[in-house]
Amino acid sequence: MRDNGALSLRERLMLQLLVLAAVLAVALFVAVRTVAGSAAEETLDGVLGAATIAVADELRGGEEGVSVDLPHEAFSILGSISEDRIFYRIAVDGATITGYDDLPLPEAARSPAELSTPIFYTTQYRDTEVRVAVMQRVVLAGRLSTAVTVLVAQTRAGQAEIAARVANQAAGIGLGVFALAAVLSILTAGSVLRPINRLAEAVGRRGPSDLRSVDHPSPAELRPLVDALNGFIARLRAGLMRTETFIAEAAHHIRTPLATVRARAETALRKAETEEARETLRAVIRAVEESARSASQLLDHATVVYRSDRPERESVDLARLVAGLAQNFQPVAGLKDVEIHTEGVTAPVEVVGDRLLIEAALRNMLDNAVKYSSPDSEIALVLSRKGDEACVEVADRGRGLSGGAQPDLTRRFARGANVGDVVGSGLGLTIVEEVAAAHGGRFELAERKGGGTCALFWVPLG
Ligand SMILES: Nc1ncnc2c1ncn2[C@@H]1O[C@H](COP(=O)(O)OP(=O)(O)OP(=O)(O)O)[C@@H](O)[C@H]1O
Ligand SMILES: [Mg+2]
């Protein structure tokens, strides 16, 4: 989820862990290289020093001066370690007795005590870098104590090769550590973010009208967020409840005076003497009827909205409910010579739900059927079981929907284009649809074959 191009928590966490892993891998690479490099140098220096000592041990003093018997074994050990070239120089007071006389002496002067064991330095010699071991031995030559300097040098190709090998291995180890850390960082980011994702899923799964507080188990760091969310939900619920109560009370308080106005207007209509006055009074009565209908539907709708949040879960016998409603509507239908035929109401059909809500829905469907029926027609009120659902069908032979689509007609306050002459508020089908949804059912409205409208209300069987 991106917000204004900012990195997601997962990306942030992974980026930081990867940077950390990269730094650690580089540090490991440098450490392995340095340690292994200096270990290799120490080993090679040891061999070079041993060869130098072996040469120094062969120094002999005599009447004629210093002589040396070069120990070839020492040089062959040096040669066996690598293909490097070897140079030596034996000098007395800077004058070479044998060997390469351009082999450079150490830059800084060393004391004889220091030079009693080999000292090592790296220097440039004949266009290449060499490692030099130098030491001194005091020999009696012509009765004089003479300090003889022994230098043994070796080119560094062997060490460079070892260093390159070690560097390769160190790079391999570094890369391995980085890859392992990358995998671990993906797993860590996943596990750190899992509680957040679970919480988001739990909240996201909720229905649009689910205003229960969130009690999903979440880590301590998320508690303030969950508490804030619950506080917000509680305030929203209280606000909604106040609104619904207000609507219900307002509707209730409007209906009573409207009834008085209507009664007075009807009396006045009977007494009116001019056609103009009668016309006005009829308009007043019609407006009052509309208002009363709206008030009563608003009241019903407020109840439905309020109860849909937590519908009762009781066993409802649809057969009895449907039969009762048919009986209640008989007188109104009778005024238009409309007959209501019930079917499937002899045996009980049990569903689990809120009796009051289901009754409100069915009443509105039947009200529409009666209201929009042509005089002297029939209404089929059929209750049936279909699969694991119960279905109440209300089919009339009225004016039909004249092309009106269900989604348009079920909207709040939406009315069809062909019903201007009938009093209505446009809330009836909204109520029906909300009740069906609250019970996990559905509502369908369609033109009936052969004319009229067919309304179907489905609820899962209990
Ligand atoms: N049985 C029907 N025959 C013809 N049209 C219908 C029928 N049932 C619903 N309609 C159409 O759907 C519209 C919406 O119905 P709904 O019940 O929501 O509102 P209403 O009947 O106009 O007003 P009220 O809220 O007073 O019931 C109606 O205005 C009408 O155009
Ligand atoms: Mg209606």
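FYI, the numbering just counts along the sequence from 1. Order of appearance sets the numbers: ligands from 1, and atoms from 1 within every ligand. The shown structure was predicted, so the numbers you read here are calculated from the model rather than taken from an experiment.
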[X] neighbourhood, listing ligand 1 atoms whose heavy-atom distance to it stays under 4.0 Å:
X      : result
Gly424 : 23 (O), 26 (O)
Gly400 : 4 (C), 5 (N)
Gly416 : 13 (C), 28 (C), 29 (O), 30 (C), 31 (O)
Ala414 : 14 (C)
Arg293 : 24 (P), 26 (O), 27 (O)

[X], [atom1] atom: more than 12 neighbouring heavy atoms under 6.0 Å:
X      : atom1 : value
Gln124 : CD    : yes
Asp127 : CG    : no
Arg264 : CZ    : no
Arg33  : CZ    : no
Glu276 : CD    : no
His253 : NE2   : no
Glu114 : CD    : yes

Considering only heavy atoms, which of [options] lies nearest to [atom]?
atom                    : options                        : value
atom 17 (O) of ligand 1 : Asp300, Asn368, Val423, Asp367 : Asn368
atom 10 (N) of ligand 1 : Leu401, Leu427, Thr453         : Leu401
atom 30 (C) of ligand 1 : Val394, Asp396, Val419         : Val419

Select one of side chain, backbone, both or neither to describe which atoms of Gln297 lie under 4.0 Å from any atom of ligand 1, heavy atoms only.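 The answer is the side chain of Gln297.
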Starting from [atom], what is the nearest protein heavy atom, named by residue and atom, and what distance separates them?
atom                    : result
atom 22 (O) of ligand 1 : Arg415 NE, 2.5 Å
atom 20 (P) of ligand 1 : Tyr372 OH, 3.4 Å
atom 23 (O) of ligand 1 : Gly426 N, 2.9 Å
atom 16 (P) of ligand 1 : Leu429 N, 3.5 Å
atom 11 (C) of ligand 1 : Leu409 CD1, 4.0 Å

Any N/O/S atom, side chain or main chain, of Asn368 closer to the Mg ion (ligand 2) than 2.8 Å?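 An N, O or S atom of Asn368 is closer than 2.8 Å to the Mg ion (ligand 2), so yes.
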Write down the atom of Ser374, the atom of Val338, and the distance for their closest heavy-atom approach.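 Ser374 and Val338 have their closest heavy atoms at O-CG2, 3.7 Å.
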Assess Met365 for proximity to ligand 1: is some non-hydrogen atom of it under 4.0 Å away?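 So Met365 does not count as touching ligand 1.
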Among Thr123, Ile86, Thr122, Asp84, exactly one meets side chain to side chain contact (heavy atoms under 4.5 Å, CB included) together with Val130. Which residue is that?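 Among Thr123, Ile86, Thr122, Asp84, the one meeting side chain to side chain contact (heavy atoms under 4.5 Å, CB included) with Val130 is Thr123.
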Going through the distances and angles, do Glu434 and Ser308 end up as a side-chain hydrogen bond (donor to acceptor under 3.5 Å, both in side chains)? CA-CA 8 Å; Glu434 282 177 8; Ser308 293; 5.3 Å; no
